[in-house]
Each structure stands twice: as C-alpha cells, then as structure tokens.
Amino acid sequence: MEQVAWIGTGVMGAQQAGHLVRAGYPVKAYGHHYEKVEAQAPQFGFTACRTIAEAVAGADFIFVMVGYPKDVEEVFCAPGGILESAKPGAVAVDMTTSSPTLAQTLYALGAEKGIAVLDAPVSGGDKGAREATLSIMAGGDGPAFEKVLPLLQKMGKNILLMGPAGCGQHTKAANQIAVAGATAAYTEAILYAEKAGLDPQKMLDAIGGGAAGSWQIANMAPRALAGDFAPGFFVKHFIKDMKIIHDETASRGVQLEMLESVLALYERFAAAGGENDGTQALIRFYREQS
C-alpha cells in the first residue's frame, strides 16, 4: 500500500487524514504540537510523528493543510522540511489556501528535487471535511494529479484540475470572493429580519428555495441563528484569504469593491475580539453595532 504523510492536523486536516486511514492508507502525521497529534491519533488512526522528516520519509504522497502561506513555505523549505526530506517521485499536495505565487515557486523547487508539487485548496469547511464532500481545485501537472486523484476522491466530491501550478489557488481566490459576498449578505438579511420583526428562520426558509438560496444560507445561516459561532472556518483565516486576493488583484490593476468592504468589516470584527470565531459569527458583530 502506498505510504502517506499528512502535515497539519487542525479542524479540517485531521478529518481528511482520517478518511485516508479508513480507506486503508497508512498515514504518518505531523503538527507543530506533537502532543496534540498524539492525542488525535487514536480517533483518526494515523501515526503521530515528531518531525516533518520522520513523517515524509518514504512517503509516496504528502499532504499539507496548515494555516498561512508562511507556514506552507516553512514546511516545504525549512531544514528537514518536505523538499529536503521527501523521496524523488513523491507527490506533495498543498491543500492550504495560500498564495498563487508561492504555489508556482514550490512547484519549481519541487521539480528540481524530482518531487511533483500540486496546489489543491478546498472549499466546504469543517462539514465538508467531516463528510468527505469537499470541493478540491488543483493546479499542477496532469500526470501528478491523476496519480493522486484516488486519494483526493476519499476527501471530496467535486475535484478539478484547473491548470498549471497556481491555478488551484487562483480558483480558491474566486471562491472566496463569492463566499465573502454571500456571508455578508445572509448575515445582513438576518439582521434586517430581526429589526423588521420577522421570524429569522422562517425568513430563511422563505428565501432559501428561491433566487437568494446558497450553500451559505443552507449550511451556515442555521449556525448563526443558533448562536453556534465555533469555527468551521476561522475569521482570521478568512481575513488572510481576502488579503491574498487583495494583493493578487492589486498586482493586476483590479479593484474588487465588495471584497474590500467585507475585508474591512471582518478586520473590525477581528479587532473587537472575533478573530477565532467562525465566519458566521459576523451576525453577532452586526447585532452589537446596530
């Protein structure tokens, strides 16, 4: 059986690694805090490792699901990291939402080492990770994508190769632009309904089956109404994503006014203490400001 290394066992990564274990793949996992990974091991079935080098030694496939572009660069490029420790012929898949430019750089560095690097960010949040229904958008070479596709199919349902290195990250950027608008829209709709004296749940039931219907209304609005602000996707990570998009659009002379408005809104929310909440907690911020 092909060997798998998994780097980053957070809210989503641990679930994804667990799907591979249940599919029969031996998985060695690494995270910044060994004790946390060790505690997760009985639930998800992977083997906890103290170093990246230990996790990736002999691995045929290496998956990365960390927080920020700087974390991606570190796990790939630092001494003892993936590029130094993985065997030639391995496929390394970065599933973090990160920078398209960094994805292209890692692809080139990997090619020098005989390691195929794909950027394959995901959409679907903690629910998609648990239920193996993530959308996965990949960038990189076709043969490497086809080689790793059977493993990606254990984690997601809508899996597409979007083009060469960086195209997965560009696609995720487009995804986050759409999510930013949808998230602000449904939380504002809830606030309006409350101020107008409507039953917010009945309002969502009424509009959710029509032109306003969206994944966000179906999956995240119920959490917002229930006061469940636990992070399926952290506010601080959403801000990170929007800042990456801001930098990409600025370099192309493009201005996205809606995205800039939502970014400013979430930065105010984070400054007020909401950075570790889920994105649906925006409704709380609206209520506090109104």
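We use all heavy atoms of the structure for the numbers below, so side chains are in, but hydrogens, waters and symmetry mates are not.
Taking 4.5 Å as the limit, some side-chain heavy atom of Met137 sits within range of a side-chain heavy atom of Ser123. Contact check for Val91 versus Asp60: no side-chain heavy atoms found under the 4.5 Å cut-off. Contact check for Met220 versus Tyr186: side-chain heavy atoms found under the 4.5 Å cut-off. Considering only heavy atoms from C-beta on, Pro231 stays 4.5 Å or farther from Asn276 through its side chain. Considering only heavy atoms from C-beta on, Asp119 stays 4.5 Å or farther from Gln104 through its side chain. With contacts defined as side-chain heavy-atom distances shorter than 4.5 Å, the pair Ile190/Leu204 qualifies. Between Lys240 and Phe234, every side-chain heavy-atom pair lies at or beyond the 4.5 Å cut-off. Leu102 has its side chain out of reach of Gln169: every pair of non-hydrogen atoms, C-beta onward, lies at least 4.5 Å apart.
No donor-acceptor pair closer than 3.5 Å links the side chain of Lys28 to the backbone N or O of Cys49. Not a single donor-acceptor pair under 3.5 Å links the side chain of Asp247 to the backbone N or O of Ile244. At least one donor-acceptor pair under 3.5 Å links the side chain of His19 to the backbone N or O of Ala129. Gln3 contributes a side-chain N or O that, together with a main-chain N or O of Met1, makes up a donor-acceptor pair within less than 3.5 Å. The main-chain N or O of Ile217 is never found under 3.5 Å from a side-chain atom of Trp215 such that the two would form a donor-acceptor pair. For the pair Thr97 (side chain) and Pro121 (backbone), a donor-acceptor distance under 3.5 Å is absent. Between the side chain of Thr183 and the main chain of Ala180, no donor-acceptor pair closer than 3.5 Å is present. The backbone N or O of Gly80 lies less than 3.5 Å from a partner atom in the side chain of Ser85, making a donor-acceptor pair.
Residues Val4 and Ile159 share a hydrophobic cluster, clusters being chains of Ile/Leu/Val/Met/Phe/Trp/Tyr side chains in contact below 4.5 Å. Residues Phe44 and Tyr30 do not share a hydrophobic cluster, clusters being chains of Ile/Leu/Val/Met/Phe/Trp/Tyr side chains in contact below 4.5 Å. Side-chain heavy atoms closer than 4.5 Å link hydrophobic residues (I, L, V, M, F, W, Y) into clusters, and following such links, possibly through other members, connects Leu263 to Phe233. Linking ILVMFWY residues whenever their side-chain heavy atoms come closer than 4.5 Å, directly or via other members, places Ile136 and Val27 in the same cluster. Cluster annotation: Tyr192 and Tyr286 are assigned to distinct hydrophobic clusters (Ile/Leu/Val/Met/Phe/Trp/Tyr, side-chain heavy-atom contacts under 4.5 Å, transitive).
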(request) Evaluate the side-chain contact (heavy atoms from CB on, under 4.5 Å) criterion for residues Glu248 and Ile245: first the C-alpha distance (whole Å), next the side-chain angles of each, then the deciding distance (0.1 Å), finally the verdict. (result) CA-CA 5 Å; Glu248 287 293 324; Ile245 298 165; 5.6 Å; no
(request) Check step by step if side-chain contact (heavy atoms from CB on, under 4.5 Å) holds for Phe269 and Gln289. (result) CA-CA 10 Å; Phe269 182 29; Gln289 298 298 306; over 6 Å; no
(message) Using side-chain contact (heavy atoms from CB on, under 4.5 Å), reason through Leu152 and Phe145 one step at a time and then give a plain yes or no.
(response) CA-CA 9 Å; Leu152 297 177; Phe145 175 76; 4.1 Å; yes
(request) May I have the step-by-step check of side-chain contact (heavy atoms from CB on, under 4.5 Å) for Met12 and Leu134, ending in yes or no? (result) CA-CA 10 Å; Met12 296 176 65; Leu134 293 168; 3.8 Å; yes
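With rounding to the nearest 0.5 angstrom, the CD1 atom of Ile7 is 11.0 Å from the CG atom of Asp94. Distance check, rounded to the nearest 0.5 Å: OG1 of Thr9 to CD of Gln15 gives 11.0 Å. Leu109 CG to Glu84 CD: the interatomic distance, rounded to the nearest 0.5 Å, is 13.0 Å. The structure places CD of Gln280 at 6.0 Å from CG of Asp228, a figure rounded to the nearest 0.5 Å. In this structure, Leu118 CG and Phe63 CZ are separated by 9.0 Å, a value rounded to the nearest 0.5 Å. Atom NZ of residue Lys147 and atom CD of residue Glu2 lie 7.0 Å apart, to the nearest 0.5 angstrom.
Residue pairs satisfying the salt bridge (charged side-chain N to carboxylate O under 4.0 Å, His left out) criterion with at least one member in residues 261-290, sequence neighbours excluded, are listed as follows: Glu194-Arg287, Lys243-Glu267, Asp277-Arg284, Arg284-Glu288.
For the pair Ala92 and Ile82, the tightest heavy-atom approach, listed with the atom from each and the gap, is CB-CG2, 4.3 Å. Between Leu161 and Gly140, the closest heavy-atom pair is CD1-O, 3.8 Å. Of all heavy-atom pairs spanning Pro200 and Leu225, the tightest one is CB-CD2, 3.6 Å. Minimum interatomic distance between Gly278 and Val235 (heavy atoms only, all atoms of both residues): O-CG2, 3.6 Å. The minimum heavy-atom distance linking Val21 with Gly45 is given by the pair CG1-O, 3.7 Å. Considering all non-hydrogen atoms of both residues, Phe285 and Ala272 come closest at CE1-CB, 4.3 Å.
Few gaps surround OH on Tyr34; more than 12 heavy atoms of other groups in view lie less than 6.0 Å from it.
Classification of the Phe238-Tyr266 ring pair by plane angle, with boundaries at 30° and 60°, yields perpendicular.
Side-chain N/O atoms of Gln176 and Asp241 include a donor and acceptor closer than 3.5 Å. Side-chain contact annotation: Tyr107 with Asp141, donor-acceptor N/O pair under 3.5 Å present.
In summary, Asp126 and Arg223 engage in a salt bridge, as defined by a charged side-chain N under 4.0 Å from a carboxylate O.
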